[in-house]
Amino acid sequence: MDPRLSPALREEFARPGPQLLPTPGQTVAIAGHRSAGKTRLLPLVSALLGKQGMDLDVELERRSGRNLRDWVAQDTNGFREAERGLFLQLPQGSVVALGGGFLSHHPEALQSCYTLLVPISFETYRERLLADKTRPRLRPGMSLEEELHSIYHQRQVLHAAVPTVGLADFLRAFASSGNPS
């Protein structure tokens, strides 16, 4: 370690970062912005790890009997409480695709998890959400353009505060590991 670094920087560099592959029995949480492709990647990641995956939003709808779009619009706090509660009930070692707001609303719930971050640019995020009329509005008091810009950039900051592994890093590590599943 370079002795010219301040003690705070030395401590930061010495702190272990997220592992590139999950440990046996560690829950794998697939996280990222809305419409990043988490649900689409769930079967691939599950197959690579040799485990069955679950989409948290789909399971919330199934268990509650409520449409997520309506639930978020009518009772956002109740929805957030239910998603966190369901996630915490999952058995250790699960593979789960999280909803787009989970990472920014419940970072503490992910502390012991292997959190795989699915990247998406603002341009792609905007394009997909403008085309998808099934997703709930999160800030209906704003124009849709303002909402998309505001939420994306606010969540980018929040996502950066959570230890995650990027999708490309995970795939490279998996490929070079000899496929541990």
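One finds no salt bridge joining Glu123 and Arg126 here, because no Lys/Arg side-chain nitrogen approaches an Asp/Glu carboxylate oxygen to under 4.0 Å.
Put simply, Met54 and Leu49 are part of two different groups of oily side chains (I, L, V, M, F, W, Y) that touch within less than 4.5 Å, one to the next. A continuous path of ILVMFWY side-chain contacts below 4.5 Å connects Leu48 to Leu42, so both sit in one hydrophobic cluster. Taking hydrophobic clusters as Ile, Leu, Val, Met, Phe, Trp and Tyr residues chained together by side-chain heavy-atom distances below 4.5 Å, Leu103 does not share a cluster with Val28. Both Val45 and Val165 are members of a single hydrophobic cluster when ILVMFWY side chains are connected at heavy-atom separations under 4.5 Å.
What you find for Arg172 and Asp169 is that their closest heavy atoms are NH2-OD1, 2.8 Å. Listed here is the closest heavy atom pair of Lys38 and Leu98: CE-O, 2.8 Å. Closest approach of Pro163 to Thr115, counting heavy atoms only: O-CB, 3.9 Å. Taking every heavy atom of both residues into account, His33 and Ile120 meet most closely at CB-CG2, 3.8 Å. Across His149 and Phe122, no two heavy atoms sit closer than the pair CA-CE1, 3.6 Å. Of all the heavy atoms in Pro107 and Val162, the pair that sits closest is CB-CG2, 3.5 Å.
By the 30° and 60° cut-offs, the orientation of the rings of Tyr152 relative to Tyr125 is tilted.
A distance of 9.0 Å separates CG of Leu129 from CG of Leu138, quoted to the nearest 0.5 Å. Taken from OG1 in Thr76 to CZ in Arg80, the straight-line distance is 7.0 Å, to the nearest 0.5 Å.
Checking Glu147, Glu145, Glu146 one by one against Ser143, the side-chain hydrogen bond (donor to acceptor under 3.5 Å, both in side chains) holds for a single residue, Glu146.
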Could you walk me through whether Arg139 and Ser150 pass side-chain hydrogen bond (donor to acceptor under 3.5 Å, both in side chains), step by step? CA-CA 9 Å; Arg139 297 188 182 151; Ser150 171; 2.3 Å; yes
Walk me through it: do Glu127 and Leu148 pass the test side chain to side chain contact (heavy atoms under 4.5 Å, CB included)? CA-CA 10 Å; Glu127 180 181 303; Leu148 295 176; over 6 Å; no
